[in-house]
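A short write-up of the structure that comes next.
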Amino acid sequence: MKPDSATATAAHPAVRSPASSSPTATSSKLHATRTRTRFVILALLAIGTLINYLDRTVLGIAAPVMTKELQISAAIMGLVFSAFSWTYAVAQIPGGVFLDRFGNRLTYFLALTFWSLFTMFQGFAVGIKSLLLFRFGLGVSEAPCFPTNSRVVGTWFPQHERARATGIYTVGEYLGLACFAPALFWIMGNFGWRSLFIVVGLVGIAFALVWWAMYREPHESKSVNQAELDYIAAGGGLEQPSQQHTPFSWSNVVKLLSVRQIWGAAIGQFAGNTTLVFFLTWFPTYLAVERHMGWLKVGFFAIMPFLAAAVGVMFGGWFSDWLLKRTGSANMARKLPIIFGLLAASTIVAANFVDNDTTIIAILSFAFFGQGMVGLGWTLISDVAPKKLMGLTGGIFNTCSNLAGIVTPLVIGFIISATGSFFYALAYVGAAALLGVLSYVFVVGDVHRVEID
């Protein structure tokens, strides 16, 4: 039950009355007992992100068996891996526009439902054409996911909690495969690769209904009290209901693309995503083909880097918020952990020079740990995006950063076809990470909320 307030506040809880803005009133409310509805919202984001990445990466687990049954070469499989990101990247800006127009609840519900359906359809693919078609549909459907995540965090969380919040939902990218890889390999071994897509798709459709039933904006929520709303607002969160539906304008796209913080961070995210895409697509094949591991060993070793990446996500979020509280500098708090993470990701090339399986997994795990820290790029974007254009900003950012999903599978596929080895593939991944370091050091600049007309 929210306490009574002035008429404006009663009509729109996200709007504080003048009295509540006074230092004494604000201090009192900030220390009052407040609800924790924002953490329920965060749990929904984390589960949705876990399902999102399971749906896009289950192809990597099925690939070694699928390629034999459907007679797909390494180069063509690289094309299939890449196909998801073609439409995923193209649909980012339209997805962001849809998000700004229709809001978080409807956008995420439709995205979840359709990407889960296209995941199921892959289980019925009969050749390269149908497989490509379903991957295209998956890419379009998943496009609004991370812009919505970023927008929800920017709305529901004060700035000093956003890095940890981003880390918590981002960890779903890695925990999905880390926790479920053995089960997925077991399902494939006992029921065939097609069953993987059907099972994961059904789980996604069920969760779409949960999201629709539970998610509300702060001004609509019946479980949040005024103390929590004031706490979020004091940290730069919340938005007015009138701000939620912004019409699309190409001039806004041009203005956003002229902001160095946005395109500099996008280059850095492209670099980090290069490492991520390798693990989500070619990694099981690398262990099975390049390192000649059996399926049980692949299923066991595949867990380690993903667990390390999950730790990297959580550590990066905690470290960033800790730095922000200690220094008050968003520049240091947001950029330093990402730069360290990209440097760690570049060490993946060291796997080319060792033969011991355990040592190889240790190297790959450290590299993926570093990549996990790069997920803070979404926190940076939520800090700099204009309040009224958070969906469009997230769409532009994700378009640029997810070009890695198009380029990386193709480059690695062509390298394997041409050389029969992953040596230069790992070198490419490491070089891309160093490109990201340069972007964050020389391009991104000052981290602050951007305001455009």
Side-chain angles (χ1 to χ4, degrees), residues 82 85-86 88-93 95-96 143 146-147 149-150 163 166 170 173 253-280 309 312-313 316 320 330-349 367-368 370-386 389-390 392-412 427-450 452:
S82 174
S85 292
W86 299 357
Y88 185 73
V90 169
Q92 285 298 313
I93 292 178
F146 276 84
N149 287 355
S150 180
T166 301
T170 304
E173 298 178 16
V253 175
V254 174
K255 290 174 184 177
L256 290 172
L257 286 174
S258 68
V259 177
R260 63 183 293 178
Q261 289 92 337
I262 294 174
W263 62 268
I267 294 173
Q269 203 75 359
F270 169 89
N273 277 7
T274 299
T275 304
L276 175 63
V277 171
F278 166 75
F279 279 96
L280 296 182
V313 170
S320 177
N331 286 320
M332 180 177 293
R334 301 313 189 213
K335 293 197 290 185
L336 185 62
I338 295 175
I339 291 170
F340 173 81
L342 287 166
L343 287 172
S346 70
T347 64
I348 194 171
V349 297
F368 212 11
Q371 192 283 325
M373 297 181 69
V374 182
L376 278 171
W378 278 104
T379 306
L380 187 148
I381 284 298
S382 70
D383 285 346
V384 304
L389 295 171
M390 294 185 75
L392 182 59
T393 305
I396 292 172
F397 174 74
N398 216 19
T399 297
C400 300
S401 63
N402 276 282
L403 291 175
I406 298 174
V407 175
T408 304
L410 288 173
V411 170
I412 293 177
Y428 167 77
V429 173
L434 293 177
L435 172 66
V437 172
L438 295 176
S439 182
Y440 267 96
V441 171
F442 296 108
V443 178
V444 173
D446 189 47
V447 178
H448 64 274
R449 178 76 63 195
V450 175
I452 65 174

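Quick note: numbers below take in every heavy atom, side chains included, and nothing from hydrogens, waters or symmetry partners.
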Nearest-0.5 Å distance, CD of residue Gln269 to CG of residue Leu376: 9.0 Å
Close side-chain approach of Val437 and Ile338, heavy atoms under 4.5 Å: no
Exam field: side chain Lys335 to backbone Ala330, donor-acceptor pair closer than 3.5 Å: no
Donor-acceptor pair, side chain of Ser85 and main chain of Leu403, under 3.5 angstrom: no
Contact summary for Ala367 and Ile348, nearest pair of heavy atoms: CB-CB, 3.8 Å
Nearest heavy atoms of Ala345 and Thr275, plus distance in Å: CB-OG1, 3.8 Å
Nearest heavy-atom neighbours spanning Ser320 and Ala333: OG-O, 2.7 Å
Test item: Arg449 side-chain N/O and Pro386 main-chain N/O as donor-acceptor pair under 3.5 Å: no
Non-hydrogen atoms of Ala433 and Ser346 that approach each other most closely: CB-N, 3.7 Å
CG on Leu410 to CH2 on Trp86, rounded to 0.5 Å: 6.5 Å
Interatomic spacing from CD1 in Ile381 to OG in Ser150 - rounded to 0.5 Å: 7.5 Å
Parallel, tilted or perpendicular: rings of Phe368 and Phe279 (30°, 60°): parallel
What donor-acceptor contacts under 3.5 angstrom involve side-chain atoms of residues 258-267, with partners at least two apart or in another chain?
residue	atom	partner	partner atom	Å
Ser258	OG	Lys255	O	2.5
Arg260	NE	Val443	O	2.6
Arg260	NH2	Phe442	O	3.4
Arg260	NH2	Val443	O	2.9
Gln261	NE2	Asp446	O	2.6

Qualifying salt bridge (Lys or Arg N to Asp or Glu O under 4.0 Å) pairs, either residue in residues 262-279, two or more places apart: none
Within residues 428-445 or reaching into it, pairs that qualify as side chain to side chain donor-acceptor pair (under 3.5 Å) - sequence neighbours excluded: none
Closest approach of Ser82 to Pro409 (non-hydrogen atoms, all atoms of both residues): N-CB, 3.8 Å
Rounded distance [0.5 Å steps], CG in Asn273 versus CD1 in Ile406: 11.5 Å
Straight-line distance of Thr393 OG1 to Leu257 CG, nearest 0.5 Å: 9.5 Å
Distance-minimising heavy-atom pair for Ala344 and Gly370: CB-CA, 3.7 Å
Side chain Gln92, main chain Ile396, donor-acceptor under 3.5 Å: no
Nearest-0.5 Å distance, CG of residue Leu342 to CD of residue Gln371: 8.5 Å
